[in-house]
**Student:** 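Handing you a structure now.
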Amino acid sequence: MKRTHTCGELTDAHIGQEVVLFGWVHNRRDHGGAVFIDLRDREGLTQVVFEPDIAPEAHELAGSLRLEYCVGIRGKVVSRGANVNPKMKTGAIEVKANALTIFNRSEAAPFPIEDHIDTNEEKRLQYRYLDLRRRPLQQSLMTRSRMNALTRAYMVENGFLELETPFMGKYTPGGARNFLVPSRLNPGKLYALAESPQLYKQLFMVAGFERYFQIVKCFRDEDLRVDRQPEFTQVDVEMSFVSQDDVFSVIEGLLQRLWKECLGVDIPTPFMRMEYDESMAKYGNDKPDLRFGLEHVVLTDLVRKHGAAGGVPMLWEAVEAGGIVKALVVPSEKALSRAESDKLEEIAKGMGAKGLARAKVGEGGEWTQSPLSKTISPALRADINEAVGAKPGDLVLFQFGREAVVHTVMANLRLHLGKKLGYIPEYGSGGQWRFLWVVNPPLFEYDEESKTWVAAHHAFTRPHDEDLPHLGTDPGRVKCYRYDVVLNGFEVGGGSIRLHDPKVQAEVFRALGISDEDARAKFGFLLDALKFGAPPHGGIALGMDRLAFLLTGAESLRDVIPFPKTKTGTDLMTGAPGDVDERQLRELHVRAVPPPQPK
RNA sequence: GGGGAGUUAGUUCAGCUGGUUAGAACGCCGGCCUGUCACGCCGGAGGUCAGGGGUUCAAGUCCCCUACUCCUCGCCA
């Protein structure tokens with residue numbers, strides 16, 4: 001038997017043809033007389049019918065078929081007449097079988113191979129090859145394959161070279177924790193798995209390749225999230241002689257192409273741009289979900305203006321201590337029950353908040369149900385009402401205190417409310433694709449622990465020229481050419497224009513408190529490279545897993561990765577990471593030190 | 001590293017204030033059935049209640065520890 005068609009393509013145009021299909025038994029309905037089989041391959045489902053008077057041997061054998069048997073059938077495509085199944089793409093026809101070959105029988109699967117199942121993920125990951133038989137996962141991975149092909153085509157069309165970089169490199173400090181690989185040939189030395197090809201791609205620019213891209217795995221040994229895996233795929237891009245706008249238009253063109261070809265959706269370009277500071281103020285993070293409002297309002301200055309006279313020591317003291325005050329409004333038409341609003345407080349506390357001050361706005365702008373309402377001065381209350389645009393019946397939520405905590409709590413409250421209040425449209429309902437660039441973040445962040453300024457992203461990002469004078473005096477003021485592309489609340493990519501001027505580079509290191517010797521020891525090869533006529537350059541990396549996750553509407557990043565790891569970085573199918581024997585460790589000059597046994 | 005949820009037939013779950021032999025649906029096995037497509041009907045098998053310890057006359061149920069999974073904060077230039 002030689003396969004002639006797939007299970008997804010037969011229509012009434014094929015009626016009368018003799019066909020051969022290979023696939024898996026997706027469902028069976030045995031009437032004793034007629035036996036119906038839904039045959040499945042990656043392209044779809046086709047109903048096959050075995051009848052005793054057509055092919056007695058095949059019919060007899062068909063009686064022994066069970067779910068997930070791998071089989072081949074030969075037969076004639078016939079119309080289903082009055083029995084058309086409108087739910088099936090191939091529902092107009094069926095194949096009347098005259099021959100059946102069983103390639104392989106199957107044990108009963110540990111969970112049903114159906115589009116929608118409730119089986120817990122642990123079980124599904126253990127039998128990943130069976131989970132991957134399910135149509136939603138097959139389609140996600142087929143879409144992902146298409147995204148890869150489209151990306152390569154687009155990049156090559158635009159003059160980019162696909163160049164490879166090593167996974168095993170030298171550990172460089174900063175950034176994510178690296179996975180380390182011991183070297184057998186170099187006792188006691190270790191490679192670091194690349195957390196990204198960052199330094200190599202800059203060296204490609206120094207080497208004069210001008211436009212580089214790569215669809216490449218990256219490795220980061222950090223705690224995992226629903227949108228984070230220890231190994232993940234980036235579309236890595238670097239360009240010479242470009243401005244930020246040049247990078248943006250290349251990436252916008254790529255994303256536009258992907259959405260058009262994979263979903264038939266036209267996404268408008270250029271994307272909206274938002275200042276980093278604005279994003280933090282209105283949304284509490286640098287990856288705002290713009291599909292709904294519920295924006296934060298910063299009240300810090302207002303509270304400071306009223307000072308102690310505002311009547312609310314909590315707020316005033318928070319501001320005095322260098323903190324901030326933020327509010328967001330739950331509109332009256334989405335009124336929360338007392339229990340729901342208490343639940344919000346629980347959520348806020350879970351994220352480090354001390355509490356969640358609330359105020360219900362009355363007809364005359366007065367506040368009720370609030371610890372703030374008793375002592376607040378009418379003037380401050382009126383100013384706040386005006387600033388947040390509160391209407392009677394609205395509920396105003398407040399956070400105040402340390403900036404980082406307030407932003408985190410408020411950002412998560414906003415997202416929680418967005419979902420809870422139904423502001424986020426379902427995937428497939430026409431959807432909304434709110435792409436934007438978040439631009440001009442600060443170059444440095446103050447690290448409370450070490451009491452020093454640290455690079456907010458990496459130490460090779462180009463500062464704004466007009467901020468250069470502040471490098472030595474007020475590092476927090478220095479903004480840089482760093483940008484993130486954000487979609488619906490997910491950072492799907494980020495990059496920067498790089499520093500190519502060794503003089504400015506030296507100033508940045510100085511501001512970071514990195515000595516010349518340190519810099520040399522850590523990044524010597526890059527610093528050397530920049531001295532040999534390095535071109536101005538910049539680039540970006542897109543998170544391919546996240547793009548596929550968002551584009552396909554998957555529930556989890558794990559659904560667009562064929563063999564994902566669990567939350568704790570284990571592979572439940574293979575058992576990785578696993579033990580190796582003593583001899584292997586000796587060869588690597590490595591000794592395992594087991595953690596202390598709990599008592 | 002912190003906080004939270006969960007773990008009972010192959011699967012999804014129920015199992016109340018502790019009380020005889022732990023149930024249901026689907027799946028599986030056997031039988032019947034020629035137009036089903038969530039096929040139908042009859043019968044059957046299937047459980048270390050995650051693991052360990054404790055309280056109790058008695059534990060799936062209460063307490064403690066451990067493991068694993070998920071969510072979340074920190075972390076992720």
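Throughout, protein chains are lettered first and strands after them, A, B, ... in sequence-line order, and every chain is numbered starting at 1. Predicted model only: the values in this text are computed from it and were never measured.
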**Student:** Is any side-chain N or O of Arg558(A) under 3.5 Å from a base N or O of C70(B), one able to act as donor and the other as acceptor?
**Tutor:** no
**Student:** Looking at Asn120(A) and G6(B), is any side-chain donor or acceptor paired with a base atom of the opposite kind under 3.5 Å?
**Tutor:** no
**Student:** Suppose we call a contact any N or O donor and acceptor under 3.5 Å apart; does that hold for the side chain of Arg66(A) and the base of G27(B)?
**Tutor:** no
**Student:** Measure from the side chain of Arg29(A), starting at C-beta and using heavy atoms only, and say which of U11(B), C39(B), C71(B) lies closest.
**Tutor:** C39(B)
**Student:** Considering every strand and a 4.0 Å limit on heavy-atom distances, what is the contact class for Asp221(A): base, sugar-phosphate, or nothing?
**Tutor:** nothing
**Student:** Give one of base, sugar-phosphate or nothing for Val454(A), where a contact means two heavy atoms less than 4.0 Å apart.
**Tutor:** nothing
**Student:** Would you call His31(A) stacked on C39(B), i.e. ring centres under 5.5 Å apart with the planes less than 30° off parallel?
**Tutor:** yes
**Student:** Between P on U72(B) and NZ on Lys419(A), what's the gap in Å once rounded to a whole number?
**Tutor:** 7 Å
**Student:** Just checking Arg124(A): base, sugar-phosphate only, or nothing, at a heavy-atom cut-off of under 4.0 Å?
**Tutor:** nothing
**Student:** Of all the choices, U72(B), G10(B), C37(B), which nucleotide is nearest to the side chain of Met88(A) once you look at every atom?
**Tutor:** C37(B)
**Student:** Suppose you measure atom C1' in A9(B) against the same atom in G46(B); what distance do you get, rounded to whole Å?
**Tutor:** 6 Å
**Student:** Does the base of C76(B) carry an N or O that pairs as donor and acceptor with the side chain of Arg220(A) under 3.5 Å?
**Tutor:** no
**Student:** Nearest-nucleotide wise, let me know which of Lys123(A) and Ala108(A) is further upstream toward the 5' end of RNA chain B.
**Tutor:** Lys123(A)
**Student:** Considering only the P atoms, how many Å lie between C37(B) and G52(B), rounded to the nearest integer?
**Tutor:** 46 Å
**Student:** Does Glu51(A) reach a base, just sugar-phosphate, or nothing at all? Heavy atoms under 4.0 Å.
**Tutor:** base
